[in-house]
Amino acid sequence: MADEGPHDEKSPLWSSSVSTASKDSISSKSSSKSSFFSSFRRRTQALRFSKSYAAVDIPSDNDQFSSLPESEAKVLREQVIVPPAVTSYFTLYRYANKKDCFMLGIGVLCAVLEGVLKPLMSLLFGRVSETFTNYGPQGALYNSTHEYSNSTLYNNTTYTYINDSEYMPYDYLAQQDYYDTIRQLSLYLVYLGIADILLSHTKTYIFIDRGEVLSARIREHYLASTLKQNIGYFDTLGSGEITSRITADTILVQEAISEKISFMIANVTTFFVALAIAFTQSYILTFIMLSILVSIILSTGLASAYMVKYLKKAQDGYAVGGTLCEEVIGSVRNVHAFGIQEVMASAYDNFLKVSEYWGIKAGVATGLMNGSMMLCSFSTDALAYWQGVRLYSEYQATLGNIITIIFTVFQGAYAFAIISPHISSVAAGVAAGSKIFATIDRVSAIDSSDENGIKLDKVDGSIELKNVKFIYPSRPNATILNNFSLKIPAGKTVALVGASGSGKSTIVGLIERFYNPIDGAVLLDGHNIKDLNIRWLRQKIALVQQEPTLFACSIYDNIAYGLVGTEFEFSSHTEKRSLIIEACKQANAWTFIEKLPEGLDTNVGERGFLMSGGQKQRIAIARAIVSNPKILLLDEATSALDTKSEGIVQEALERASKNRTTIVIAHRLSTIRDADCIVVMRRGEILEMGTHNELLAKQGEYCELVKAQQIETLKEKEKEQRDMAQNIVPDYDGIGEKAIDLSDKLHQSELALSHTQTRASIHPATDIATGNMFGPEPSFLEAFKFIYDLSRPEVFYNIVGLIACFFNGMGYPALGLLWGTSLQAFADIMDRNELRIYVSRMAGFLFLNACVLGISNTVTGAAFGYSSSRLVRRIRNMSFRQILRQDIAFFDRDENTVGSLTGTLSRDAQAVEGLGGITLGKIIDAVVTVIGSSVISIAFAWKLGLVVTCGVPVLVGCGFYRFYLLTEFEARVKKENERTSTFACEAVSAIRTVAALTRESDVWEVYHGSLDAMVKSNRPSSFRSAFFYGLTSGQIFFVMALASWYGGQLLGTGEYNLFQFYLVFLSIIFGAETAGIVFSFAPDVGKAVQAAKNIKMLLELVPDIDTWSDKGKTPQNVQGDIEFINVHFRYPTRPEVPVLRGLNLRIQKGQYIALVGASGCGKSTTISLIEGFYRPLAGTLLLDGQDITQFNINAYRQQLALVSQEPTLYAGSIKYNVQLGSLGPVTDEQIMDVCKQANIHDFIMSLPDGYDTYCGTKGTLLSGGQKQRIAIARALIRQPKILLLDEATSALDSESEKVVQAALDAAAKGRTTIAVAHRLSTIQNADVIYVFEAGRVCEAGTHQELLAKKGRYYELVQLQALEQNN
């Protein structure tokens, strides 16, 4: 058991030996990746004709594709529709193999045997009671055969009643026999306790362990199924929702199949065994009490159905909110720049409202279920005494029978009643599983795991698009390509140019087979790519996208991913390293990589945030060319490169393009002038085709594009220009020699510089980089008080719930009083009619007790369910706002990835919810019961009460130690879950890159390895936890044995009567049993306490740059003067790498300033400092002569507007995204005006929904250029005093760039504009151009002045000059 991971080591997920059943296991050690995901493939094939798949072909009433012809609608529908999965509880075990089933069988057997023990305890209790009654000197005036004694208590003869005129002498039990019997029965109870410890420990450990194993398999299958889905599936589904499913929802499934179900099995067994024993005592009375069983089953079934329904809706509501959360945290720089934290928090809260609404309904349904179960369970006592005394008076049952039946049936009904919290957990697990299995069972329209399809022996690389019609599945009303045809000969380079949205990137997506065309075909070497094996096809193609995606690992690993599926995938480390270094050199990346402290082993950070845009792009290019692919797709591959790097990389790409088919999408036309064919497109049609020279000669569309990009140059001879370019070869790598080669003297002088006098200037490079930004972990009491304070708004509901809990808890002591009184009546009242009347009256009180408990339990569930749902919403809302409050340095840390933070939001709040509602009610009930029972017992029989009560602290101590172990365990599991969820979120967020690199199997292997290690490391903790639960459970039998033995001694001496014994016995036993039940919730409590600590530490975290702070001045009459005075800066997460080294820069109001230079030289860092994302390590940054640290950060940022290099849009309409930039309400006319300025209005109006068009998650439904123009419109509507453009036009085509640049030039009038640009044509009219090198300014001047200097800037211009080839 100990060496087994979540999957059987002999049956990998993609192994051909895996059966078609869904009980397959997975191995992390399989070397066969050739048939990746074959279990999914087989399931896919099986489902193609199943009912669930047929749902794809049947349009619903609100079918968005209904306006299209059915053949076209079917193609689109199957790419996005997710048929619902029919899920039952046993579906959650679908991945259990034979070993799991065997172990679970042992666990079920142990749970059943444990369930049998408690009814056996009832039988022993009946024997004990019978022994007491048969002991004459005690004066127990009845026995099990209708007998009663004469009036002399201590005589030697009793008489058995036969009829009205006859008596039979009866010999009472001798004193020694009495004591021997009591001792023997007490020992039996001890033996049962030992057996219970062993059984409880075994079944709890097995179910905990198998729950972890099976939930790990579900996680793996879910991720595997997600990774094999077609890209259209992700256009309407955010990675945040997937993260929520894989973190929070799988935890719910795990809880449903873990120890909770073992408790349910044991208690249900107790219920039925108790009935069976009751039938042996008196079938008449048992049949009468069966009506209670029907009531319990009906109420439980009805309430459970509503619980599942409401919980599903609550989970669905939050899952969508999780996508928004992932979007917002992933673009936190944009959120801070525009100050839209409150807007996004409000949007997030809207989703929380939906989840809260259904959560409250689920809480009420749970309360009703629990209340009805308690009503029915406690009504068994009333019914048993009412009918039992009738049967007794009619001589149809003995008192021994009645006592045994009452005790066993009550214990059975009570066992059934206390499983209600576990039923809630199981219902939540089934609800969560339905969504997970819907994704797992979904048949992907383009299945990357499908092993079918042709694999060509030889690939020439000729590509043809033949009469292709294409519509994006998420935008069915917009036709992108219509009857489009294009031939691309093998080994040739073809460039696609044209306006944004003309269909260029769509062609790349079709060739990669990210989507299926509606009509027509895409051919490779004459073969329709639909007939080719998808994985094989993508391994022959290398793709570099417009927005490069890197993974959170080293540079070496990122580039090595390009070798997946090639002959070099399993080569030696040395051979791989040489290939990677050569690829880096070709991509002009080696110069900056080798100067990094860790070289190729440098971690790039989440999504590559530790690298500049140009560095990320060069690493992505190296990754693409390292495998020497047959087909190279470059979608704006050099858009983020500086001019010098672009020239070198372009030359490398041209060399790499030899003898392979290359398709280049470019807006910067200097990069494609040597292409064999240039295709000019507009709105999905080809306008003209030809070489660079041929198209220039036509004086058509292409010629106009070229003119738009021409740079004004000095009239000098061509030879002089080339000579200068050859003689001056400066170092333009990302870091630069001087950036690394620092003397100790310079290093010491930097540290000696006076720091800016703010907390922010001192801490980033020290505390944030290496220390713990959170304070000390709170104690249990601090965490409890914190949750209590958060719950204050619901104090009324909590007080009502507490009052109801008091009644719940006192129900058991009241039960003891009524039982003791009733049993004593059998001894005291000789007249059977009088006895029947008296006991029937007691039965009425018992029923009243049941009604009170039914009402109070309903109130408890509803009140705490309401308050816990409100609390969860409040925690998620506050945590989300607190996360958005943090400064950018917080998000730079490795542990604060998007996946980690979104997982924390989902998981921690859910854990706190696990402590609320009915679970919290049960815990408080138990506390009241234990205290109340102890007080009443000591009050009525202090000797017996004190002795028996002493056993309770031992039971509680074992439970609390288990709770402590689980709390420690949860802290460790939290970190592991964060790490695995971060990895999964990263892979899903970069699904296009993962699919293009065919990394699905690699991603799964890493994820499986992480889960496998987590499962194995959790086993020792699970074993200890289960052991202490077993001790807690067994203590109940020991307490009962002690009570029976010592109580028997006191009864034997006549010191106590039966009333006192039964009162103490029942009160303490039920109190101990209730306390034991409470500790079955220890996992929930452990998770909740750890979650409360995490939430408290997060909410108490105060950032150095605090957007919540009211401190600081509000800028007045801002002119826009900006000045850097000897500014030094290092990123907090990389304090060993200097970025800015004494930067001095002066920008006067109203100036248009351009920053140019190599990637990584500090341009974007300068923008970040102006935005206030970071504080300088040393030096000063001034606005209008005042240190910006003196300003209120929000008021300061209101003066700025930022357009980033990688534009960020959110899931909403175009209008909504533009409005996000405004400081106040704006009219539709204002929105349209700024969109016209950004040259996006005409495109928007051409869409069916106009400004209400949905942009998709992260704007995925729009092209890069369209997103960029909307981002520019968002900046312009802000009417800023200072406009920051960080490569604002990098994604635009030449025509749009010319218009947008004119708009930006117009927008720059009257305000300070700072532009970072690699495309120098966009900044030639700047007032001052600053050329950066190694964190300093090396040249400054106007375009003409810098050209005249013939220095660095001059060389950059020459590299971009577009001239007609001779």
Side-chain angles (χ1 to χ4, degrees), residues 736 738-739 742 745-766 887-889 1104-1105 1112-1113 1115-1132 1135 1137-1157 1160-1193 1195-1197 1199-1200 1202 1281-1284 1286 1311-1316 1326-1341:
K738 295 179 182 179
L742 291 175
K745 181 178 179 181
L746 175 60
H747 181 66
Q748 293 298 328
S749 66
E750 274 193 16
L751 295 180
L753 289 170
S754 60
H755 288 62
T756 306
Q757 294 304 307
T758 64
R759 289 176 61 219
S761 67
I762 299 170
H763 289 287
T766 54
D887 53 28
I888 302 303
D1104 293 322
I1105 304 173
K1113 299 184 295 185
Q1116 302 293 335
N1117 300 319
V1118 175
Q1119 301 299 309
D1121 284 334
I1122 296 176
E1123 185 174 4
F1124 285 75
I1125 302 176
N1126 199 28
V1127 170
H1128 291 252
F1129 179 75
R1130 301 170 186 230
Y1131 280 101
V1137 179
V1139 181
L1140 298 182
R1141 300 163 164 272
L1143 178 64
N1144 290 288
L1145 191 65
R1146 176 70 187 274
I1147 304 169
Q1148 297 179 358
K1149 67 175 182 178
Q1151 280 190 325
Y1152 190 135
I1153 299 302
L1155 310 180
V1156 300
C1161 65
K1163 306 184 300 298
S1164 294
T1165 300
T1166 303
I1167 297 293
S1168 294
L1169 289 175
I1170 295 174
E1171 268 287 356
F1173 291 160
Y1174 306 93
R1175 297 297 191 212
L1177 187 64
T1180 309
L1181 175 55
L1182 305 178
L1183 172 64
D1184 293 346
Q1186 299 182 70
D1187 192 331
I1188 67 167
T1189 60
Q1190 298 176 5
F1191 294 122
N1192 177 271
I1193 188 63
Y1196 168 73
R1197 284 178 180 162
Q1199 313 303 319
L1200 313 174
L1202 172 67
K1281 296 292 184 181
I1282 301 168
L1283 186 60
L1284 305 176
D1286 189 358
R1311 59 170 59 96
T1312 304
T1313 303
I1314 303 169
V1316 173
D1327 297 316
V1328 182
I1329 299 172
Y1330 289 96
V1331 184
F1332 275 57
E1333 181 184 7
R1336 297 188 184 92
V1337 175
C1338 65
E1339 287 182 356

*Could you check L1145, T1180, L1182 and say which one makes a side chain to side chain contact (heavy atoms under 4.5 Å, CB included) with F1124?*
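One option only clears the test, and that one is L1145.
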Will you find, in the side chains of [X] and [Y], an N or O donor that is under 3.5 Å from an N or O acceptor?
X	Y	result
K1281	Q1199	no
S1164	D1286	yes
T1165	Y1174	no

Using 0.5 Å steps for rounding, measure from the [atom1] atom of [X] to the [atom2] atom of [Y].
X	Y	atom1	atom2	answer
L1284	I1122	CG	CD1	6.5 Å
K1113	T1189	NZ	OG1	9.5 Å
L1181	R1175	CG	CZ	8.5 Å
I1167	I1314	CD1	CD1	5.5 Å
L1283	Y1152	CG	OH	8.0 Å
D1327	T1312	CG	OG1	10.0 Å

*Check step by step if side-chain contact (heavy atoms from CB on, under 4.5 Å) holds for N1144 and N1126.*
CA-CA 5 Å; N1144 290 288; N1126 199 28; 4.1 Å; yes
Under a 3.5 Å distance rule, please check whether [X] uses its side chain to pair with a backbone N or O of [Y] as donor and acceptor.
X	Y	result
D1121	L1183	no
K1163	F1332	no
R1130	L1177	no

What is the minimum heavy-atom distance between [X] and [Y], and which atoms define it?
X	Y	result
V1337	Y1330	CG1-CD2, 3.7 Å
P1176	G1179	CB-O, 4.3 Å
D1184	Q1119	OD2-N, 2.8 Å
R1146	Q1151	O-OE1, 4.4 Å
F1191	Q1186	CZ-CB, 3.7 Å

*Mind checking whether I1147 and I1282 have side chains closer than 4.5 Å, heavy atoms only?*
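No, side chains not in contact.
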